[in-house]
Chemist: 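The following block contains the structure, expressed as structure tokens.
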Number of protein chains: 2
Amino acid sequence: MSVQSKALEMKFFENFEHAVPDEKVRRILLNASEVFAKKGLAGTKIKDIAAKAGFSQGFVYNYFQSKDDIFTRLVDLAAEGAGISVKYASEQEGTPYEKIFWLTEALLSADSIAMQHWRLLMTQASSSEAVPEAAIKIVKEKAKLPFEHFIPMVMDGQKAGEIADDPPLVLAVTYFSIVQGLALTRIQNGNGIPFPTTEMVLRFMRKER
Amino acid sequence: MSVQSKALEMKFFENFEHAVPDEKVRRILLNASEVFAKKGLAGTKIKDIAAKAGFSQGFVYNYFQSKDDIFTRLVDLAAEGAGISVKYASEQEGTPYEKIFWLTEALLSADSIAMQHWRLLMTQASSSEAVPEAAIKIVKEKAKLPFEHFIPMVMDGQKAGEIADDPPLVLAVTYFSIVQGLALTRIQNGNGIPFPTTEMVLRFMRKER
DNA sequence: GTCTATAAGCCGATAGAC
DNA sequence: GTCTATCGGCTTATAGAC
């Protein structure tokens with residue numbers, strides 16, 4: 001695990017602990033995120049979440065009103081966290097390309113919690129039906145945050161001649177699609193599968209020199 | 001839609017119609033693939049599939065034994081179809097890079113049915129639990145087919161100096177991850193979203209000249 | 001503070017009507 | 001050949017025990 005991803009994960013947890021002060025609630029949410037990521041909203045049983053967190057099924061209802069409630073809360077945290085991660089990267093020292101490199105290392109790190117949340121956010125909450133209204137609303141509002149922090153980095157990189165001169169929005173959409181695709185591959189196949197270097201992942205937006 | 005993707009889709013349907021002679025069964029399967037892709041195995045209700053295909057809920061059971069049966073059948077077709085698509089591309093005229101370019105155009109084409117199946121295969125069938133045993137077995141057997149046809153193209157391209165000299169397996173894993181990520185973005189956001197050119201998608205494996 | 005037991009509702013699968 | 005009605009099981013959510 002790289003220094004970068006450790007730093008970002010710390011940042012992420014800092015925010016998480018601030019947003020969710022109760023340790024038991026955090027425990028439920030963290031375990032729920034893994035189960036949701038693997039099985040989807042409908043496929044996840046409250047019993048699965050409770051068992052994974054070390055509680056009985058009924059216990060969860062002392063802290064959450066419903067399964068949808070847990071899901072919506074997680075989507076909110078994930079959307080928030082994704083925005084924070086990209087913003088944090090943009091505030092690091094270095095050239096724009098170095099910042100993006102840094103961010104990519106963190107997002108694709110084998111044991112990055114942020115990655116799980118990311119996949120959860122992007123994949124599930126936009127699958128149209130059976131998703132709680134509240135979750136859809138949150139995604140609509142907050143899903144653009146990562147883009148808002150990413151695109152300025154791209155434009156700076158283009159000015160500096162580090163990044164290819166394609167439309168920044170297209171580069172951003174491509175970037176997050178690729179990160180999501182690689183994260184999914186990791187979640188599905190475990191850490192055993194061969195994985196590209198960060199340098200390879202970023203070639204598509206690297207200015208040829 | 002490019003000439004290439006039309007050709008591949010025709011090839012794909014040719015195989016589909018051969019493997020599934022009954023038109024009603026095909027209709028159910030095609031509609032089921034869309035619903036499964038959007039909602040996942042657990043989130044898909046038989047009623048959804050039936051309604052989308054224009055049948056009543058009970059009707060489906062004249063042709064399939066269970067929901068798992070439909071799912072497993074689809075996973076099989078998707079695994080088969082993915083292998084056939086890559087093989088077909090490898091048999092086209094042109095340089096290795098041109099063949100991969102061709103394949104990518106076809107897989108990412110906005111209205112490619114193969115794309116839906118692809119996502120279904122990769123994402124769902126490996127989500128560990130609640131997935132029918134039979135489906136898991138099929139994936140284990142057939143999911144490597146695309147790689148077996150893709151890697152020789154990569155190696156040929158490396159010999160010809162068209163493709164970067166990274167390990168072929170890593171390039172292949174990266175390629176299919178990226179295609180999956182982009183396909184997901186399309187499925188979730190529709191055709192309105194900005195999308196990269198094929199050239200951009202393939203930069204990561206293009207040899208710098 | 002945490003678990004067990006139970007009620008209510010949903011969905012998959014079947015059987016039988018038209 | 002296709003639909004409607006129904007049964008049984010599973011899951012959510014609650015209520016009450018320890």
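Below, chain A is the first sequence line, B the second, and so on; all start at residue 1. What you are looking at is a predicted structure, and each value in this text was computed from that prediction instead of being measured.
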Chemist: Report the distance from atom CG of Asn62(B) to atom P of dG12(C), rounded to the nearest whole Å.
Modeler: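 Roughly 16 Å, once rounded to whole Å.
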Chemist: Find the distance Asp48(B):CG to dA13(C):P and express it as a whole number of Å.
Modeler: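 The distance from CG of Asp48(B) to P of dA13(C) comes to 14 Å, rounded to the nearest Å.
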Chemist: Starting at atom CG of Asp68(B), determine the distance to atom P of dC11(C), rounded to an integer number of angstrom.
Modeler: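 Answer to the nearest Å: 16 Å.
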Chemist: Please report the distance, rounded to the nearest Å, between CD1 in Ile49(A) and C1' in dA13(D).
Modeler: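 Rounded to whole Å, this separation is 14 Å.
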Chemist: Do NZ/NE/NH1/NH2 and the carboxylate oxygens of Glu133(B) and Lys137(B) come within less than 4.0 Å?
Modeler: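 Salt bridge between Glu133(B) and Lys137(B), a charged N being under 4.0 Å from a carboxylate O: no.
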Chemist: Run the salt-bridge test on Arg203(A) and Asp166(B) with the 4.0 Å N-O cut-off and return the result as yes or no.
Modeler: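 Yes, this pair counts.
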Chemist: Under a 4.0 Å threshold between the charged nitrogen and the carboxylate oxygen, would Asp156(B) count as salt-bridged to Lys99(B)?
Modeler: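 No, this pair does not count.
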Chemist: To the nearest Å, how far apart are Tyr63(A) OH and dC3(C) P?
Modeler: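 One finds 10 Å between P of dC3(C) and OH of Tyr63(A), rounded.
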Chemist: Separation of Asp22(A) atom CG from dG1(C) atom P, in whole Å?
Modeler: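 Result: 10 Å.
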Chemist: Can you check whether Phe176(B) reaches Val86(B) side chain to side chain, under 4.5 Å on heavy atoms?
Modeler: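 Sidechains of Val86(B) and Phe176(B): in contact.
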Chemist: In terms of side-chain heavy atoms of Ser56(B), which of dC3(C), dG12(C), dT4(D) is nearest?
Modeler: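 In terms of side-chain proximity for Ser56(B), the closest of dC3(C), dG12(C), dT4(D) is dT4(D).
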Chemist: Counting just side-chain N and O atoms, does Lys24(B) come under 4.0 Å of either OP1 or OP2 of dG1(D)?
Modeler: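 No, outside the criterion.
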Chemist: Rounded to whole angstroms, how far apart are OH on Tyr61(B) and P on dT14(C)?
Modeler: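 So the OH-P distance, Tyr61(B) to dT14(C), works out to 7 Å.
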Chemist: Quick check for you: among dC3(C), dG12(C), dT2(D), whose closest atom lies nearest to any side-chain atom of Phe59(B)?
Modeler: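 That would be dT2(D).
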Chemist: Please give, in whole Å, the distance from dC11(C) P to Phe64(B) CZ?
Modeler: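 After rounding, the gap between these two atoms is 21 Å.
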Chemist: Assuming nearest nucleotide by heavy-atom distance, tell me which of Gln57(B) and Gln65(A) is located more 5' along DNA chain D.
Modeler: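 Its nearest nucleotide being more 5', the pick is Gln57(B).
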Chemist: Would you please confirm or rule out a distance under 4.0 Å between OP1 or OP2 of dC10(D) and any side-chain N or O of Lys47(A)?
Modeler: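 Result: no.
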